[in-house]
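Working notes for the structure below.
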There are 2 protein chains.
Amino acid sequence: MLTIGELARATGVKVPTIRYYEKLGLIAEPTRSEGNQRRYAGPARQRLSFIRHARDLGLSLDAIRELLHLSENPDMPCAEAHVIAGAHLAATRARIAQLQRLEAELARITSACDTGTIGDCHVIHALADHSLCDGEH
Amino acid sequence: MLTIGELARATGVKVPTIRYYEKLGLIAEPTRSEGNQRRYAGPARQRLSFIRHARDLGLSLDAIRELLHLSENPDMPCAEAHVIAGAHLAATRARIAQLQRLEAELARITSACDTGTIGDCHVIHALADHSLCDGEH
DNA sequence: CCTAAATGCTCTAGTCACTATAGGTTCAAG
DNA sequence: CTTGAACCTATAGTGACTAGAGCATTTAGG
């Protein structure tokens with residue numbers, strides 16, 4: 001049986017976050033020691049690792065909740081899991097594309113300025129006047 | 001003089017967001033009509049456009065607050081503005097790189113699965129077992 | 001001039017995924 | 001038996017808004 005601190009070290013999820021996940025119902029309430037401290041068995045660790053990994057990949061807790069639910073029913077078709085993962089992949093790609101547009105604009109704005117005074121600073125002027133921009137954002 | 005709704009349409013910032021910015025002190029409290037409604041003059045519009053544009057580029061309200069402060073002092077050196085913009089550019093690039101790693105992993109996970117049942121779904125297995133992954137994340 | 005619709009007002013609470021703090025209790029080592 | 005690390009609960013804070021309730025004002029049409 002693991003204490004919450006040991007579980008935290010084993011999974012890379014911080015102690016307050018574990019308690020937070022418990023309150024949200026993502027993980028089951030564990031058994032307790034005589035002195036009311038949490039004691040975890042192996043399955044809790046696997047479930048928490050699953051959550052951690054999915055969070056690392058950027059999935060929302062809502063999406064993770066659904067995936068956990070699916071993983072408890074091995075006989076169900078996995079199409080729904082694909083929908084969730086695919087939607088997240090699409091969202092990630094869209095976010096990358098958007099950030100790349102911002103990156104280009106930021107690079108353009110910062111490069112076109114001699115380090116003088118604010119009065120003729122291109123960074124400030126470009127922010128004040130959208131029409132100095134290249135693309136949309 | 002613009003009403004708050006007209007200002008919102010002119011700048012693309014929503015009405016509650018304008019009031020929110022006012023509460024944060026990012027924009028000045030405007031004059032009021034006899035019936036206590038906000039009435040804005042031209043400078044408020046320019047300031048709000050500046051904020052909007054900087055937000056679109058992903059800058060934090062704290063960074064924007066500093067940039068606004070700088071823009072009020074045209075004689076100051078603009079080095080500090082460059083530091084802020086440069087830090088944001090670096091953060092944006094780091095975020096893009098991280099998202100690209102996630103994208104690669106997600107694409108790998110989702111592509112390697114025939115649409116069968118959850119029991120042998122690669123999406124679920126890959127989330128449960130980090131060692132099936134390619135890189136770090 | 002009157003009315004009705006649109007817009008405005010303040011205030012509070014909710015979102016997401018935690019993180020921090022306060023003030024107390026339990027556990028394991030020495 | 002004592003000490004100090006780790007644990008407990010509960011509440012509030014983060015960033016940048018967004019939603020809703022319950023009113024007041026403004027403006028255009030009749």
Side-chain angles (χ1 to χ4, degrees), chain A residues 1-27 29-40 44 48 50-68 84 87-88 91-92 95 98-99 102 137, chain B residues 1-27 29-40 44 48 50-68 84 87-88 91-92 95 98-99 102 137:
Chain A
M1 297 292 263
L2 300 168
T3 67
I4 196 170
E6 289 162 349
L7 182 65
R9 277 188 293 278
T11 58
V13 179
K14 288 183 191 155
V15 168
T17 307
I18 296 174
R19 290 196 276 250
Y20 171 70
Y21 287 167
E22 180 185 323
K23 202 161 64 177
L24 294 189
L26 282 175
I27 56 178
E29 291 188 21
T31 55
R32 298 276 182 148
S33 73
E34 285 188 9
N36 199 36
Q37 297 191 354
R38 291 170 179 81
R39 293 292 181 268
Y40 294 92
L48 196 53
F50 185 105
I51 296 171
R52 169 75 208 268
H53 193 190
R55 280 299 295 141
D56 281 349
L57 287 167
L59 285 147
S60 72
L61 291 183
D62 263 4
I64 292 170
R65 192 189 299 275
E66 288 196 62
L67 290 171
L68 283 168
I84 294 170
H88 184 58
T92 302
R95 182 81 180 119
Q98 191 206 10
L99 284 176
L102 299 191
H137 43 255
Chain B
M1 296 294 263
L2 301 168
T3 67
I4 196 169
E6 289 163 350
L7 181 65
R9 275 188 294 278
T11 58
V13 179
K14 288 183 190 153
V15 168
T17 305
I18 296 174
R19 289 197 276 248
Y20 171 70
Y21 288 166
E22 181 185 322
K23 203 162 65 177
L24 294 189
L26 282 174
I27 56 178
E29 292 187 19
T31 55
R32 299 275 182 148
S33 72
E34 286 188 9
N36 199 36
Q37 298 191 353
R38 291 170 178 79
R39 292 293 181 268
Y40 295 92
L48 196 53
F50 184 105
I51 297 172
R52 169 77 208 268
H53 193 190
R55 282 296 297 139
D56 281 348
L57 288 167
L59 285 148
S60 72
L61 292 184
D62 264 4
I64 292 169
R65 192 189 300 275
E66 287 196 64
L67 290 171
L68 283 168
I84 293 171
H88 184 59
T92 302
R95 183 85 181 114
Q98 191 205 9
L99 284 176
L102 299 190
H137 42 254

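Protein chains get the first letters and strands the later ones, always in sequence-line order, with residue 1 at the start of each. These numbers come from a predicted model, not from an experiment. Side chains are part of it too, since the values below use all heavy atoms of this structure and drop only hydrogens, waters and symmetry mates.
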Assert: residue with more 5' nearest nucleotide on DNA chain D, out of B/Arg39 and B/Tyr21, is B/Tyr21
5'-most contact on DNA chain D (nearest-nucleotide basis), B/Glu34 vs A/Glu6, goes to A/Glu6
Please determine if a side-chain N or O atom of [X] lies less than 4.0 Å away from the OP1 or OP2 oxygen of [N].
X	N	value
A/Arg38	D/dT9	yes
B/Ser60	D/dG15	no
B/Lys14	D/dC17	no
B/Ser33	D/dT26	yes

Check every strand shown and say whether [X] touches a base, only sugar-phosphate, or nothing at a heavy-atom separation below 4.0 Å.
X	value
B/Leu24	nothing
A/Arg32	sugar-phosphate
B/Arg55	sugar-phosphate

Distance col, row A/Leu24:CG vs A/Ile64:CD1, nearest 0.5 angstrom, shows 11.0 Å
*Judged by atom type as modelled, is there a donor-acceptor pair below 3.5 Å linking the side chain of B/His88 to the main-chain atoms of B/Leu57?*
yes
Tightest non-hydrogen contact, residues B/Arg39 and B/Met1, listed as O-CE, 3.7 Å
What one should report as the nearest heavy-atom pair of A/Arg52 and A/Gly12 is NH1-O, 2.8 Å
Picking from C/dC9, D/dC8, C/dA17, the nucleotide nearest the side-chain atoms of B/Arg19 would be C/dC9
